[in-house]
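As structure tokens, the structure follows; a few thoughts come after it.
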Amino acid sequence: MRKITPEIIFVKEDPWRIETEVLYLPVFENKFTEDVEKLDHLLDGELNRLRKLGDLKGRVGEIIRIYPRIPEIKVKRIITIGLGPYEKFSEETLRIYGGYIGSDAKNSGYESISIITPHSDKILSDRSLYLVLEGFNLSIYTFSLKTGDEIRGIKKIILKEPAFDTKPVLERVEVLSEAIYIARDIANTPASDMNPEKLENYVRDLFKEFPDVEIFVIRGRELVERGMNGIYSVGKGSSVEPRLIILRYKGAQNESPIALVGKTVTFDAGGLDLKTPQGMRDMKFDKSGGAAVIGVMYAVAKSRLPVNLVVLIPAVENLPSGSSYKPGDVLRMYGGLTVEIDNTDAEGRVIMADAISYAKKDLGAKIIIDIATLTGAIVVALGNHAAGLFTNSERLAEIFTKASERSGDRLWRMPLWEEYFEDIKSEVADIKNTGVAGAAGAQAGAAFLAKFAEDVEWAHLDIAGVAWVQQEGPKKPYYPKGATGYGVRLLYEFLEILRSSKLVFLG
Ligand code: BES
Ligand code: MN
Ligand code: ZN
């Protein structure tokens with residue numbers, strides 16, 4: 001893997017005394033911090049003057065450039081970054097601060113930069129450092145296949161030496177950043193370059209350096225022989241064989257594994273229920289769930305988290321052709337239920353169901369989490385601002401709420417009432433793969449999956465609205481255009497909390 005975090009040099013003196021191209025300075029709306037006061041003093045009151053002029057308000061996203069000509073200040077320029085009111089200072093403020101720095105430094109082509117980290121009584125300073133670096137790393141990501149696009153990366157960051165041990169912070173931020181870059185790369189890669197076969201090769205290659213991650217693949221006709229007609233049927237319209245890729249990592253003894261299932265439709269044309277051109281334009285991102293769980297496995301294996309983890313990646317292309325599955329088909333699923341295909345474009349739930357059953361029956365998982373760009377309906381409900389969480393377990397709901405707060409991957413719990421199960425009843429089969437047209441589409445998808453996850457603790461994350469962004473926005477500078485890597489941080493935090501809470505919950 002490439003190294004993501006630039007070289008970090010901790011210095012004893014104030015960072016502006018080291019020669020770099022720029023010093024980034026955080027500024028709040030209604031408060032000058034100690035560092036700002038110190039610089040203002042050196043600059044002979046310049047910052048206070050700018051504030052009085054109304055140029056340095058400290059509003060979120062405000063950026064002011066100052067060119068000091070004082071021997072004590074060795075940086076070529078000072079760039080202030082507005083963080084909003086001090087009372088609203090939160091963990092997210094720090095991530096956004098890091099994001100602005102990264103995106104500014106990347107666009108300007110700076111090679112060496114100095115950063116002042118804002119402090120608060122609420123957030124411990126090792127956590128502050130972590131969050132700024134996380135936002136920074138996530139913002140400097142680029143995905144480009146342009147010829148001759150040279151990457152002139154940021155090489156060096158100067159920071160004031162803190163009073164704590166920085167090693168664990170730097171290790172964690174590097175591992176999670178790598179994992180998110182992996183997830184983004186997979187999702188951003190054009191569909192033809194990351195079809196189920198190429199994805200399998202990519203995964204084999206990625207985990208070569210981890211002997212304790214086992215890879216097992218069930219491919220093509222073998223799916224049918226084992227009874228996995230869901231994955232097989234959705235994928236049979238493509239010339240590339242569908243497959244279920246299984247990754248196993250054993251970091252603990254005598255514990256049933258936790259299973260993560262990621263929707264991996266490498267391209268979703270809709271099948272015979274073909275999407276519109278506009279509707280399929282972004283459907284290379286329909287592999288984002290799989291991309292996320294691959295990233296999580298990477299982070300878990302690399303940091304040797306003491307958990308038993310299995311990751312399931314049902315990988316297919318959903319295409320129309322003479323061999324495609326058809327509306328009206330009835331499939332006997334791996335879990336034993338029969339499913340009427342009402343719409344071939346509701347394919348995600350069909351492949352996920354087989355993977356969930358496999359995790360339950362063959363791998364003995366007692367906790368199963370799935371993550372999927374499952375429905376357009378969740379985008380209608382929550383926009384691009386949160387994933388939908390559906391679960392049959394209050395305990396998992398609680399842990400996910402905590403994991404979400406900590407990771408910044410936002411989610412919102414959705415209901416799974418009995419009525420939604422009525423909506424997926426079929427006249428010819430046990431269930432059908434759609435609900436009521438135009439009503440609670442995300443719940444129909446979740447209810448379908450829930451039928452295959454009975455008797456286990458299960459949670460479903462519908463990430464259709466948060467898996468990618470059309471454009472880098474000012475509110476989230478750590479999300480460059482394209483895949484976000486949503487879910488990697490959330491699931492990693494989830495696993496960490498679950499592990500520590502076991503003592504409390506399971507004895
Ligand atoms: N991959 C799509 C869901 C999707 C849509 C994700 C838009 C991101 C943006 C999924 O396979 C799908 O097509 N769902 C259908 C289901 C319907 C046919 C019941 C949908 O949401 O329209
Ligand atoms: Mn679809
Ligand atoms: Zn899909």
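These numbers were taken from a predicted model, which means no experiment stands behind them. Along the sequence shown, residues are numbered consecutively beginning with 1. First listed ligand is number 1; within each ligand, the first listed atom is number 1.
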N/O pairs closer than 3.5 Å, ligand 1 and protein:
unit_1	atom_1	unit_2	atom_2	d
ligand 1	1 (N)	K263	NZ	3.3
ligand 1	1 (N)	D268	OD2	3.2
ligand 1	1 (N)	D286	OD1	2.9
ligand 1	1 (N)	D286	OD2	3.0
ligand 1	1 (N)	T373	O	3.4
ligand 1	11 (O)	K263	NZ	3.2
ligand 1	11 (O)	D268	OD2	2.9
ligand 1	11 (O)	D345	O	3.1
ligand 1	11 (O)	E347	OE1	2.9
ligand 1	11 (O)	E347	OE2	2.9
ligand 1	13 (O)	K275	NZ	2.8
ligand 1	13 (O)	D345	O	3.0
ligand 1	13 (O)	D345	OD1	2.9
ligand 1	13 (O)	D345	OD2	3.2
ligand 1	21 (O)	G376	N	2.7

- Non-neighbouring partners of D268 that pass side chain to side chain donor-acceptor pair (under 3.5 Å), sequence neighbours left out: N318

- Task: Spell out the protein N/O/S atoms under 2.8 Å from the Zn ion (ligand 3) as residue plus atom name.
- Result: K263 NZ, D268 OD2, D286 OD2, E347 OE2

Just by distance, no angles: are the side chains of [X] and [Y] close enough, under 3.5 Å, to form a donor-acceptor pair?
X	Y	value
T401	S404	no
N343	T434	no
D282	Q470	yes

I'd like to know if [X] and [Y] make a salt bridge, using a cut-off of under 4.0 Å between side-chain N and carboxylate O.
X	Y	result
E92	R95	yes
K263	D286	yes
D345	K275	yes
K236	E317	no
K366	E457	no
R489	D409	yes

- Item | Gap separating the CH2 atom of W458 from the CZ atom of F390, nearest 0.5 angstrom | 8.0 Å

- Query: Quick one: does L411's side chain get under 4.5 Å of L461's, heavy atoms only?
  - Reply: yes

- Note on the structure: With a cut-off of 2.8 Å, strictly less than, protein N/O/S atoms near the Mn ion (ligand 2) add up to 4

- Compute the centroid of each ring, for Y141 and then for Y478, and state whether the two points are separated by less than 6.0 Å. no

